[in-house]
> 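After the structure tokens below, expect a handful of questions from me.
Order of the sequence lines sets the chain letters (A, B, ...), proteins ahead of strands, with each chain counted from 1.
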Amino acid sequence: MINDIRVGALIASSSVKRGNKKTLVFIVFVLSLIFMNLVFLPSMIGGMTVLFTGFMQDYPYGDVVIEPTGDNTYINNADSVLKKVRAVEGVRAATKRLDVGASIDHKQNVVGVTVTGMLPTEEYEISQYPYIITDGDFLGELSRDEIIIGAMIAGTGFGSEIYDNLGEVKVGSLVDVTYSNGVKKTYKVKGIMEGTFELVDLNALVHYKEIEEVYGLEESKATSVVVRIDKQGTEEQIQDKIREAGVNEQVFTWADKSETLIKQAMQSMGAIDIMSKFVSLIVGAALILIIIYINILNKKKEIGILKAIGITPRSIVLSYAFLSTFYVSLGIIAGLALYLSLMLYFQANPVVFYETMEIRPVIDPMLLIQSIITMLTLSVIAGTLPAWSVSKESILKAIWGR
Amino acid sequence: MIVVKDLKRYYGSGETAVKALNGVSFEIKKGEFVAIMGASGSGKTTLLRILALLDDATAGEYTIRGLKVSSLPEAERSYYRLTQVGYVFQDYALINEMSAAENVYVLSMMEGKSKKESYKTALEALEKVGLKGKEDRIPDELSGGEKQRVAIARAIAKKPDIMFADEPCANLDTNNSKQVLDVFKDLNDNHGQTIVMVTHEHWHTEYVDRVITLEDGVLVSDEMMDESGEEK
Ligand SMILES: Nc1ncnc2c1ncn2[C@@H]1O[C@H](COP(=O)(O)OP(=O)(O)OP(=O)(O)O)[C@@H](O)[C@H]1O
Ligand SMILES: [Mg+2]
């Protein structure tokens, strides 16, 4: 066996050393593309996931979110919850919100929305809402009868053609809001917000006091308490600490909350991802097989000669296993270089969705390792099978073709 | 050392079968230098390939030193080819991507010798065929005669029991042919190398001890030669 390996290595190395360099470059190039194909799309999808989870943190859930227990609609005495939460080490900021269902109408157009009642000054520390006002201004501490409207329902933003909208609502327009309890109120549009994200752009914001009044709530009720923390990645510790601090409501991390949502969104993505990987693998395997098979057909005579002079079929097969491993290793290295430069490019020039959603691909080392192992395994099989079948042919047939 | 009894080799079957060998019997003793002659298509190459275990006989018996090699399994045949048989192909059959030295020493490595030792053996064999200094050239950088001599070096480097050569001078001019035949003669005279060589050049018989002649797949004459190449 040792002899087989040594001889296999000798045959393979002389074949690389003196073989056609153009063919080598071509094979390596094709293999690098196959590798790219395996890792590129998943990286983009990874980038989309990061973007999506970023939205979850920046708007509805913060890093940690506290919601009412059981069937309760509200957290009772949110202020005491806030007091406890703010005292927890590692918490940067926290605020309370009141989410309610409502419909907005303007000039015979009606759309259903979630209206979030919030404390505007606190939101600067909590969310991106204050920073995404494209027209007009964000709410202020004294904002009453004023509303911020998402760009998609305003009928101005990207995506408004897909959803029902109010048809050209502008800053200063008057809209009527009918709340889920039947109360109807007219608001002046103070600003239009555009987060290029449906959960934001299909909603509306008013001052916390508005909701309190409309629903006749007392003693600082909230549908959620949104918490931001000092250090990303410590969500779960903070979650525990908040519970230990005596908060008896439900405490979730953003990941818990977005899990279901992301799962849904990513399921279709995941399916595409898996399918694309599968197709890449099949195409890759077929290409590797074809390349190496053609290569071997050209060397049929050589294989016959080697056998005729007493070289064992095993060393011949091994030499092709070495050869294809070599090709594929070069292909992987070239593919990695290509991939990393593309990653660098897309870090600097992200793909833009919805005009402002910037998708930066994410490099997943596990995925890279997985792809490298897959490619290597494939190549050994693809390289060995044809060599094995040719080495089984009779010597006469291999050398003289009959 | 070689005994062939009623050896037959048919290509195809039934009415249309080509009877390339149709019952050939002879013996070859150790240390003999035998020429196989005959018209084109008489079955010389077919016979040599069977003797060198590159092909199988359709019928008949073939023994080397009493061992019935015709019925050996492939792995053993492969080992036998490696260790006991040297074969010089009519068309050299060198590996184009290997240097002259590599073409020769790949076999020593297969036999389990160290790389250094293998290289040394290869250089010695190449020197013996007059190719000293050309060991690093690849076949494309060698003339036909030089390639033929690399093929011979490959066959003799492992010091085989028997060496087979199929028209080793077919592509060579007289000068080169003489060089090759001198190498064979030297191996035979000074090292007792058994050689079976196919040829159709009559003057080659000067070098050999014995001439076997085939015609349409049967042996028609088997004669010993004296020093001058004349029949005894
Ligand atoms: N693979 C094959 N299939 C069919 N017929 C074959 C095959 N190989 C050889 N033959 C036939 O067998 C006969 C003997 O061929 P062989 O090659 O042994 O002749 P040869 O004596 O070596 O001739 P040459 O001097 O031309 O080399 C020829 O008639 C040839 O056509
Ligand atoms: Mg012939």
> Could you measure the distance from the OG1 atom of B:T83 to the NZ atom of B:K158? Nearest 0.5 Å is fine.
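These two atoms lie 7.5 Å from each other.
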> Should we count CZ of B:F26 as having more than 12 external heavy atoms under 6.0 Å?
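Yes.
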> Are any of the side-chain heavy atoms of B:C169 and B:L181 separated by less than 4.5 Å?
yes
> Just wondering, do B:F33 and B:L187 contact through their side chains at under 4.5 Å, heavy atoms?
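They are not in contact (no side-chain heavy atoms under 4.5 Å apart), so the answer is no.
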> Does any heavy atom of chain B fall under 4.5 Å from the side chain of A:I305, the backbone, both, or neither of them?
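The side chain, not the backbone.
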> Mind checking whether B:H200 and B:S40 have side chains closer than 4.5 Å, heavy atoms only?
no
> Who in residues 7-38 of chain A is close to chain B, using a strict under-4.5 Å heavy-atom cut-off?
A:V7, A:L10, A:I11, A:S14, A:S15, A:K17, A:R18, A:G19
> Listed by residue number, which members of residues 125-143 of chain B have a heavy atom under 4.5 Å from any heavy atom of chain A?
B:I138
> List the steps and the verdict of side chain to side chain contact (heavy atoms under 4.5 Å, CB included) for B:R9 and B:V24.
CA-CA 10 Å; B:R9 175 64 163 105; B:V24 176; over 6 Å; no
> Please classify the contact of B:E111 with chain A as side chain, backbone, both or neither, using a heavy-atom distance under 4.5 Å.
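Backbone only.
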> Could you check if a side-chain atom of B:P160 sits within less than 4.5 angstrom of a side-chain atom of B:V85, using non-hydrogen atoms only?
no
> Report the distance from atom CZ of B:F164 to atom CD1 of B:I195, rounding to the nearest 0.5 Å.
11.0 Å
> Is there side-chain contact between A:S43 and A:F346, with heavy atoms separated by less than 4.5 Å?
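No - every pair of side-chain heavy atoms lies 4.5 Å or more apart.
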> Against chain A, label B:R154 side chain, backbone, both or neither, depending on which of its atoms sit under 4.5 Å from a heavy atom there.
side chain
> Which region of A:K307, side chain (C-beta onward) or backbone (N, CA, C, O), has a non-hydrogen atom less than 4.5 Å from a non-hydrogen atom of chain B, or is it both or neither?
both
> Sort by residue number and list every residue of residues 86-99 of chain B having at least one heavy atom under 4.5 Å from chain A.
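Residues of residues 86-99 of chain B touching chain A at under 4.5 Å: B:F89, B:D91, B:A93, B:L94, B:I95, B:N96, B:E97, B:M98, B:S99.
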> Find the distance between CG (A:D4) and CG (A:L318) and round it off to the nearest 0.5 Å.
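So the gap between those two atoms works out to 6.5 Å.
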> Which value, rounded to the nearest 0.5 Å, describes the distance between A:M44 atom CE and A:L342 atom CG?
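Nearest 0.5 Å value for the CE-CG distance: 9.5 Å.
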> Can you tell me if B:D216 uses its side chain to pair, donor with acceptor, with the backbone of B:S42 under 3.5 Å?
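Absent.
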> Going by residue number, which parts of residues 112-121 of chain B are within reach of chain A, meaning a heavy-atom gap below 4.5 Å?
B:G112, B:K113, B:S114, B:K115
> Rounded at 0.5 Å granularity, tell me how far OG1 in B:T45 sits from CD in B:E167.
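Rounded to the nearest 0.5 Å, the OG1-CD separation comes out at 6.0 Å.
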> Let me know if A:T312 has heavy atoms under 4.5 Å from chain B in its side chain, its backbone, both or neither.
both
> Take A:L376 and A:I332 through the side chain to side chain contact (heavy atoms under 4.5 Å, CB included) test and state the conclusion after the steps.
CA-CA 9 Å; A:L376 282 174; A:I332 289 172; 4.1 Å; yes
> What I want to check is whether the side chains of A:S391 and A:Y320 have a donor and an acceptor closer together than 3.5 Å.
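On atom types as modelled, these side chains do not qualify, holding no pair under 3.5 Å.
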> Can you say whether B:Y105 sits under 4.5 Å from chain A via the side chain, the backbone, both, or neither, judging by heavy atoms?
side chain
> Any chance you could measure A:S389, atom OG, to A:L385, atom CG, to the nearest 0.5 Å?
8.0 Å
